[in-house]
Amino acid sequence: MLLHLTKEEESILNGEKGEGLRKMMKLVVGLATVAGAEKLIKIESAHVSGISYENIGDEGLSFLEWLVKENVHVSVPTTINPGAIDLQQWKITGISKDYYEKQKRIVDAYIKLGANPTLSCTPYFLDNVPSPGSHLAWAESSAVIYANTFLNVYTNKESGLSALAAAIIGKTGYYGLHLDENREPQVVVKVKVDLSSSLDFGILGYRIGELVGDRIPAIIGAIPRSISDQKQFAAGLSASGTVGMVSFSNRVTVAEDKIEIDEKELRNVRTRFVSLDIDTVYLGCPHLSLSELRELAELLNKRRVRKGKSLVLYTSISAYKIAYEEGLIRVIEKSGAKVFAGACPVFNPKRSDGVIGTDAIKTAHYLSASKGSRIYITENMSLIEAVTEMI
Ligand code: F3S
């Protein structure tokens, strides 16, 4: 199919509105052409990943600062993923001033481009809540799966750069998961095990991702209902698979291929991430919601972190601000735990060298696979009991 561009789109592509816009349009058009799109469509919002200096390095930083010099701006509401560190509390993380300054320059560049410096991988909670049925250009695979599956919106799994290009142009190619016909399930997954925690749903998502690859699954026998279960399911799926959404509808007619998942399958995944004694616990992948922070504050009100152990919570800047005003941060930190806003446990350049405990299969996957950390994965209550004691 031939991609049809409007006169306005053609003129941007020809460089009539400057080199920055031309490059961004070239990327949007290039992706749309390769995918066989017939046109570009307007997007309601964008969410950009690749914010961490750990991730994009000096080359990424230079490119962002070049875009700023070219005087381009996002043309739709745009939020950004977490960086490597909490910029307000960087001194206590032990990173160098040089590292902090580079991470800050990345965020400053995004601000100059017009993005909202939300620094969160859960934009759908407070910062960037999409209207049902809207078309988006979101990166951050866990947020993409969450949005397509639970919020009834349309977005492809963008990369950080393609989401930024779409944010600046205000459009994306009309292909992939923007089209209803591409959102039909291609494989049925029958879950034959009772799931009792958000971690269970994370592990289920992870195993499904491994089994289905890029085929959209229709999942029968298990539905994540709480936001924690949904968030962990989406993040687990995003860590191991490439698919951008799933269906929980029982009305599946097209998919003939069937996969069954039983208790043994999920136990096998869990045992891949079991180490010995836990030194540090990271909670908040994807970022903790405000209601999760409230629950943790209530729990930690009666506990303190044991000597030699640490408990670190990760959340968005918006949720942190509200939690701070409600006095929750004071309660949590009185227990000896730390709360970081706008950062990610996986990109943290000063990770614990000891055994890391997590309730998130995505943290477990990335820290053990690409960073070589020793991981213990279990439910958050067991983790809290492992590193804290009652007072
Ligand atoms: Fe968010 Fe980092 Fe986890 S970006 S989903 S906290 S790996």
Side-chain angles (χ1 to χ4, degrees), residues 47-56 60 79-87 93 103 106-107 110 117-128 138-150 157-160 163 198-199 201-203 205-206 209 224 227-241 244 273 280-289 292-293 296 311-320 338-352 356-371 373 375 377 380 383:
H47 178 75
V48 182
S49 65
I51 309 301
S52 150
Y53 176 66
E54 181 97 346
N55 198 355
I56 65 169
T79 46
I80 60 174
N81 233 23
I85 46 160
D86 181 326
L87 290 172
T93 64
Q103 180 63 71
I106 292 173
V107 176
Y110 273 104
T118 49
L119 293 165
S120 175
C121 47
T122 53
Y124 43 81
F125 285 146
L126 293 167
D127 300 310
N128 191 350
W138 281 19
E140 174 47 46
S141 48
S142 70
V144 168
I145 295 169
Y146 189 101
N148 277 323
T149 304
F150 303 114
K157 239 173 148 178
E158 302 286 349
S159 69
S198 296
L199 175 58
F201 276 101
I203 292 174
Y206 189 83
I227 55 166
S228 300
D229 293 352
Q230 293 175 345
K231 193 177 67 155
Q232 287 305 333
F233 176 84
L237 185 65
S238 75
S240 64
F273 302 107
T280 298
V281 167
Y282 293 149
L283 300 178
C285 168
H287 278 171
L288 293 164
S289 66
E292 288 170 320
L293 280 173
L296 285 166
L311 171 59
V312 189
L313 313 184
Y314 289 85
T315 190
S316 67
I317 292 176
S318 300
Y320 184 97
K338 273 305 309 160
V339 187
F340 287 139
C344 163
V346 170
F347 292 125
N348 173 8
K350 288 280 176 187
R351 283 174 298 280
S352 163
I356 295 171
T358 175
D359 65 341
I361 189 84
K362 188 169 179 182
T363 295
H365 172 81
Y366 284 112
L367 285 188
S368 82
S370 47
K371 318 273 179 185
S373 302
I375 297 290
I377 187 164
N380 65 359
L383 293 168

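Whatever order the structure lists ligands and atoms in, that order sets their numbers, starting from 1.
Atom numbering of ligand 1 starts at 1 in the shown order; those under 4.0 Å from a heavy atom of P345 are 6 (S).
Around atom 1 (Fe) of ligand 1, the protein contributes the following N, O or S atoms under 2.8 Å, ordered by chain and number: C121 SG.
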Step by step, would you call D127 with T118 a side-chain hydrogen bond (donor to acceptor under 3.5 Å, both in side chains)?
-> CA-CA 7 Å; D127 300 310; T118 49; 4.6 Å; no
Start with the C-alpha distance between I203 and Q232, add both sets of side-chain angles, then the distance that settles side chain to side chain contact (heavy atoms under 4.5 Å, CB included), and finish with yes or no.
-> CA-CA 8 Å; I203 292 174; Q232 287 305 333; over 6 Å; no
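With values rounded to the nearest 0.5 angstrom, C121 atom SG is found 8.0 Å from K231 atom NZ. For the atom pair CG (N81) and CZ (F347), the distance works out to 7.5 Å, reported to the nearest 0.5 Å.
Nearest heavy atom pair, residue I377 against residue A364, reads CD1-CB, 4.0 Å.
Under the side-chain hydrogen bond (donor to acceptor under 3.5 Å, both in side chains) criterion, Y124 pairs with no residue at all, not counting sequence neighbours.
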